[in-house]
Colleague: 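What follows is a single structure, and I will ask about it in a moment.
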Amino acid sequence: MERRKDTLGLHTFMQDRKTLFCYSGPLTEDLLTTISNPVRHQLTDGETQETVSKRVFGVFIEQAQNIIRYSTQKTKSTGDSIGTIAISVAEDGFLIEAVNLIDETKKDVLEATLVELSVADQKALRQMYKQRLRDGPPNDSEGAGLGFIEMARRVKRFEFNFVEGQEGALFVYRGWVS
Amino acid sequence: MKFEKTQRTPLVELSPESCLIKGECYPENIAEWSGPVLESLKQTMVEADSEFKVDIELYYFNSSSAKFLFDFFEFLEGSSEEGKKIRINWRYRAEDDTMQEAGEDFQEDITACEFNLVIVEYPSEEQG
């Protein structure tokens with residue numbers, strides 16, 4: 001069967017990897033408002049500790065807003081940002097994944113920032129967050145420049161990499177919360 | 001003055017003696033939402049009583065909103081230095097370590113206002 005028509009395959013794939021929620025396509029703040037509810041619903045199943053579901057939700061929101069602000073892949077008609085974001089059950093908690101195209105010229109800065117965050121302990125992250133809050137956002141930030149620090153504080157660990165594709169550099173993020 | 005709560009913004013209630021912020025804060029555009037709120041707070045403070053009480057009870061706020069809270073406290077610190085007696089209660093639930101840490105972090109920078117960390121007890125359905 002042609003892979004792109006493999007509907008059952010899609011179902012099996014999502015079930016096997018225990019993906020609770022996945023969105024891939026144009027993402028807007030309006031859409032984020034709408035999908036916040038089902039995402040939260042998925043996370044409040046009664047078995048998950050509230051502190052854990054709040055951390056997952058926090059990482060999800062920050063990463064969704066990263067896609068909205070920084071994805072360089074846009075819809076032709078409205079210029080909305082395109083990306084993929086997913087939440088799955090993993091290990092003893094949850095895995096938050098995201099993929100989007102980024103501006104090649106920002107890649108090195110992003111990579112350096114994330115490497116710094118990945119080796120920082122909780123205490124250092126807390127200090128970095130406070131410092132960033134006092135200093136204000138860096139010039140190329142549309143938010144407060146705090147998003148990735150916030151995410152690093154909420155995850156147990158995270159991984160990232162860049163994949164060179166035909167359309168540019170894809171940023172791939174994985175964060176584990178438990 | 002009252003700003004009704006929405007799915008992504010908290011309730012804000014301002015009176016000459018108090019300010020209440022309660023709910024969740026991760027608006028689509030923080031500046032669009034916080035601009036009018038801070039403006040109202042400034043106007044309120046002009047006519048406010050010499051003693052002013054601020055209650056903040058947030059369940060979740062995103063990183064963009066942290067900047068709003070920072071500016072909010074900075075304004076209160078300024079008002080306090082100008083002579084107002086301001087008491088801030090940062091309210092959070094006992095198990096909510098995220099909001100506890102956030103409160104502790106803001107507390108470190110606040111010297112002129114009185115800043116209290118207050119644990120609230122709720123059944124889990126009653127939030128925001």
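Just so it is clear: chains get the letters A, B, ... in the order the sequence lines come, proteins before strands, and each one is counted from 1.
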Colleague: Sub-4.5 Å heavy-atom contacts with chain B: which residues of residues 119-126 of chain A show up?
Modeller: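 The list, in residue order, reads A:R126.
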Colleague: Please list, in residue-number order, every residue in residues 102-114 of chain B that has a heavy atom less than 4.5 Å from any heavy atom of chain A; write 'none' if there are none.
Modeller: B:E104, B:D105, B:F106, B:E108, B:D109
Colleague: Quick check on B:E28 against chain A: is it the side chain, the backbone, both or neither that has a heavy atom closer than 4.5 Å?
Modeller: both
Colleague: Just by distance, with hydrogens left out, do B:S63 and A:E62 show a side-chain donor and acceptor under 3.5 Å apart?
Modeller: yes
Colleague: Is there a path from B:L58 to B:L20 through hydrophobic residues (I, L, V, M, F, W, Y) whose side chains come within less than 4.5 Å of each other?
Modeller: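 B:L58 does not cluster with B:L20.
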Colleague: Considering only heavy atoms and a distance below 4.5 Å, find which of B:D96, B:I30, B:T6 pairs most often with chain A.
Modeller: B:D96
Colleague: Given the rule that I, L, V, M, F, W and Y join up when any side-chain heavy atoms are under 4.5 Å apart, are A:V99 and A:L95 in one cluster?
Modeller: no
Colleague: Is B:F70 linked to B:F75 within one hydrophobic cluster, defined over Ile, Leu, Val, Met, Phe, Trp and Tyr using a side-chain heavy-atom separation of less than 4.5 Å?
Modeller: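 Yes: a chain of side-chain contacts under 4.5 Å links B:F70 to B:F75.
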Colleague: At under 4.5 Å between heavy atoms, what parts of residues 14-39 of chain A are in contact with chain B? List them by residue number.
Modeller: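 At a heavy-atom separation under 4.5 Å, chain B is reached by A:E29, A:D30, A:L32, A:T33, A:S36, A:N37.
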Colleague: Decide whether A:I85 and A:L101 are clustered together by the hydrophobic rule: side chain heavy atoms of Ile, Leu, Val, Met, Phe, Trp, Tyr closer than 4.5 Å, transitively.
Modeller: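 No; tracing contacts between hydrophobic side chains, which count when under 4.5 Å, never links both residues.
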Colleague: Given heavy-atom pairs under 4.5 angstrom as the criterion, report whether the side chain, backbone, both or neither of B:E74 touches chain A.
Modeller: neither
Colleague: Given side chains that start at C-beta, do those of A:R55 and B:D97 come closer than 4.5 Å, heavy atoms only?
Modeller: yes
Colleague: Is it the case that atom CZ in A:F13 sees more than 12 heavy atoms from other parts of the structure closer than 6.0 Å?
Modeller: no
Colleague: May I ask whether B:L11 and B:M99 are part of the same hydrophobic cluster, defined by side-chain heavy atoms of I, L, V, M, F, W, Y residues being less than 4.5 angstrom apart, directly or through others?
Modeller: no
Colleague: Taking atom NZ as the centre, does B:K85 end up with more than 12 heavy-atom neighbours from other residues, nucleotides or ligands that are less than 6.0 angstrom away?
Modeller: no
Colleague: First locate atom OH of B:Y26, then atom CD1 of A:I61, and finally report the distance between them rounded to the nearest 0.5 Å.
Modeller: 5.0 Å
Colleague: Can you name the nearest heavy-atom pair linking A:Y129 to B:A66, along with the distance?
Modeller: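 Smallest heavy-atom distance, with atoms named: OH-CB, 3.2 Å.
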Colleague: What parts of residues 151-177 of chain A touch chain B if we use heavy atoms and a cut-off under 4.5 Å?
Modeller: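 Listed by number: A:R153, A:R154.
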Colleague: Rounded to the nearest 0.5 Å, what's the gap from CD on A:E150 to OG1 on B:T98? Could you check?
Modeller: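 Atom-to-atom, A:E150:CD and B:T98:OG1 are 7.5 Å apart.
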Colleague: State whether B:Y59 and A:K54 meet the cation-pi test: NZ (Lys) or CZ (Arg) under 6.0 Å from the six-membered ring centroid, and within 45° of the perpendicular axis.
Modeller: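 Yes, A:K54 sits over the ring of B:Y59.
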Colleague: Under a 4.5 Å heavy-atom cut-off, does chain B meet the side chain of A:Q65, its backbone, both or neither?
Modeller: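 Side chain only.
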Colleague: Heavy-atom count check: over 12 atoms from other residues, nucleotides or ligands less than 6.0 Å from B:K53 NZ?
Modeller: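 No - once you tally the heavy atoms of other residues, nucleotides and ligands closer than 6.0 Å, there are 12 at most.
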Colleague: Quick one: pull up CZ in A:F60 and CG in B:N62 and give me the separation to the nearest 0.5 Å.
Modeller: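 With rounding to 0.5 Å, CZ (A:F60) is 13.0 Å from CG (B:N62).
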